[in-house]
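Before any comments, here is the structure.
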Amino acid sequence: NKGQYVTALEKISPDEGSSFHLMVNPRLNDFFFWHFHPELELVFIDQASGTRHVGDHISGYVGSDLVLMGSYIPHLNFDYGVQSDYEKTVLHLQEDFLSDMVEKTPEFFAFRTLFKDAQHGVAFGEEVKKAVGPRLKRLGTLSGFAQFLEVLNILQLLASTTDKMLLHPEPYQNGIHRKEQ
C-alpha cells in the first residue's frame, strides 16, 4: 500500500563537468530509502540478492540486478537489507539527457524506445548483466569524454537488447503531482 511509505524527492546534481551523476558503491543497506527524482536511474548491484521495489512492482533478484527506471518512479534502494559484500553502481541521467540528439540523430533513435521503456521500469536479463555490469563498474575509473562515450556505449547495449522485462504494463504514473513534488 503506497500510503504506508513516506516518498522523498531526492535532489541530484550532475557531477562537475559532466552531464550525469555516478555513484560507486553507495552503502545504504541499513537504510530504507523510498524515493523518486526527475533523473533516469540505471542501477547495477552485484554479489547480492534482495528485493527489487520499483513503483508498484515488487520482486526478488538473486546474484545481481540491472534495472533502468524513468523519471519520477518511486523506488527503494536495491541494497536495502543486503548483508553480503556487494558492489553497486548507480548512474543518474538528466531527464532531458540527449533529448535533441535522440530526436534528430539517426544513430540515437534506438534510445527513444529505451527511454520510453524506462517509464515502465526495465529489468535486464543475465546476458545483458554480464555484458553491461563490468562496464558500469569501470565507469568510475574513466573521466571526461571517455566516461561520456562509455555511457553512450552502455545505453546502446541496453537499447539493442531483447533480454529485458518491463516492470509495469503501462508507463508508471507517480501519484504525487509535480507541483507537490
Side-chain angles (χ1 to χ4, degrees), residues 1-46 48 50-59 61 65-82 86-103 111-124 132-133 136-137 139-140 147-148 150-152 154-155 158-159 164-168 170-181:
N1 184 330
K2 284 189 238 177
Q4 294 176 335
Y5 302 108
V6 174
T7 306
L9 172 62
E10 183 180 14
K11 301 240 183 218
I12 299 169
S13 298
D15 296 337
E16 188 174 340
S18 179
S19 55
F20 47 84
H21 176 63
L22 179 67
M23 294 190 301
V24 177
N25 286 323
R27 295 292 172 169
L28 296 172
N29 57 319
D30 290 330
F31 185 57
F32 185 94
F33 188 36
W34 180 247
H35 64 288
F36 62 92
H37 39 73
E39 293 78 12
L40 284 80
E41 181 172 320
L42 179 63
V43 176
F44 178 66
I45 186 165
D46 196 16
T51 301
R52 175 193 303 135
H53 192 164
V54 178
D56 295 330
H57 175 94
I58 303 174
S59 59
Y61 65 87
D65 205 14
L66 177 65
V67 175
L68 178 65
M69 294 163 283
S71 299
Y72 296 102
I73 299 178
H75 53 282
L76 181 63
N77 46 304
F78 285 61
D79 55 350
Y80 178 67
V82 172
Y86 62 92
E87 294 181 72
K88 185 171 79 168
T89 304
V90 181
L91 178 66
H92 292 114
L93 304 171
Q94 296 299 302
E95 189 175 10
D96 60 353
F97 184 72
L98 299 177
S99 58
D100 286 344
M101 304 269 295
V102 167
E103 292 304 315
F111 290 9
R112 287 183 194 171
T113 302
L114 179 67
F115 293 161
K116 283 180 184 169
D117 285 351
Q119 287 308 126
H120 299 255
V122 185
F124 295 93
V132 170
L136 275 168
K137 286 185 195 180
L139 262 184
Q147 191 177 57
F148 178 76
E150 185 63 355
V151 167
L152 294 182
I154 288 168
L155 292 175
L158 298 178
K164 63 186 176 186
M165 174 183 71
L166 298 183
L167 302 181
H168 297 92
E170 299 294 327
Y172 186 84
Q173 298 296 316
N174 191 334
I176 299 172
H177 298 291
R178 290 197 181 207
K179 280 184 182 177
E180 293 170 357
Q181 292 172 358

Legend entry - Closest non-hydrogen atom pair, Val24 against Gly140: CG2-CA, 4.3 Å
Legend entry - Distance-only polar pair, side chains of His75 and His53, donor-acceptor under 3.5 Å: no
Legend entry - Any side-chain heavy-atom pair of Gln94 and Glu39 under 4.5 Å: yes
Legend entry - Within-4.5 Å side-chain heavy-atom neighbours: Asp79 and Ile45: yes
Legend entry - Ile73 and Leu167, any side-chain heavy atoms less than 4.5 Å apart: no
Inset, instruction - Can you see which heavy atom on Gly55 is nearest to which on Trp34, and at what distance? - result: O-CH2, 3.5 Å
Legend entry - Plane angle bin for Phe78 and Tyr61 - parallel if under 30°, tilted between 30 and 60°, otherwise perpendicular: tilted
Inset, instruction - Kindly indicate whether the side chain of Thr51, heavy atoms from C-beta on, has any atom under 4.5 Å from the side chain of Ile58. - result: yes
Inset, instruction - Using the test salt bridge (Lys or Arg N to Asp or Glu O under 4.0 Å), find all partners of Lys116 that sit at least two apart in sequence or belong to another chain. - result: none
Inset, instruction - Can you sort out the partners of Ser59 under side chain to side chain donor-acceptor pair (under 3.5 Å), two or more places apart, ordered by chain and number? - result: Arg52, His57
Inset, instruction - Determine the minimum heavy-atom distance between His92 and Phe20, stating which atoms define it. - result: O-CB, 3.1 Å
Inset, instruction - Could you tell me whether the side chain of Phe36 reaches within less than 4.5 Å of the side chain of Met69, counting heavy atoms only? - result: no
Legend entry - Heavy-atom closest pair, residues Pro74 and Tyr172: CD-CE2, 3.4 Å
Legend entry - Residue list, side chain to side chain donor-acceptor pair (under 3.5 Å) with His168, at least two apart or on another chain: none
Legend entry - Gap between atom NZ of Lys88 and atom CG of Asn77 - 0.5 Å precision: 5.5 Å
Inset, instruction - Not counting sequence neighbours, which residues clear side-chain contact (heavy atoms from CB on, under 4.5 Å) with Leu40? List them please. - result: Ser71, Leu93, Phe115, Ala118
Legend entry - Leu91 and Phe44, any side-chain heavy atoms less than 4.5 Å apart: no
Inset, instruction - Could you go through the side chain to side chain contact (heavy atoms under 4.5 Å, CB included) check for Val122 and Leu66 one step at a time? - result: CA-CA 8 Å; Val122 185; Leu66 177 65; over 6 Å; no
Inset, instruction - Report the C-alpha separation of His35 and Glu41 in whole Å, then their side-chain angles, then the decisive distance to 0.1 Å, and conclude whether the side chain to side chain contact (heavy atoms under 4.5 Å, CB included) test is met. - result: CA-CA 12 Å; His35 64 288; Glu41 181 172 320; 4.2 Å; yes
Legend entry - Sole candidate of Val67, Leu158, Thr89, Val90 that passes side chain to side chain contact (heavy atoms under 4.5 Å, CB included) when paired with Leu42: Leu158
Inset, instruction - To the nearest 0.5 angstrom, please state how far the CD atom of Gln173 sits from the OH atom of Tyr72. - result: 12.5 Å
Inset, instruction - Only counting residues at least two apart or in another chain, list the ones meeting side-chain contact (heavy atoms from CB on, under 4.5 Å) with Glu150. - result: Arg135, Leu139, Leu142, Asn153, Ile154
Inset, instruction - Go through the steps to decide whether Leu152 and Phe111 satisfy the test side chain to side chain contact (heavy atoms under 4.5 Å, CB included), and finish with yes or no. - result: CA-CA 10 Å; Leu152 294 182; Phe111 290 9; 4.1 Å; yes
Inset, instruction - Step by step, work out the side chain to side chain contact (heavy atoms under 4.5 Å, CB included) result for Glu103 and Arg112. - result: CA-CA 8 Å; Glu103 292 304 315; Arg112 287 183 194 171; 4.0 Å; yes
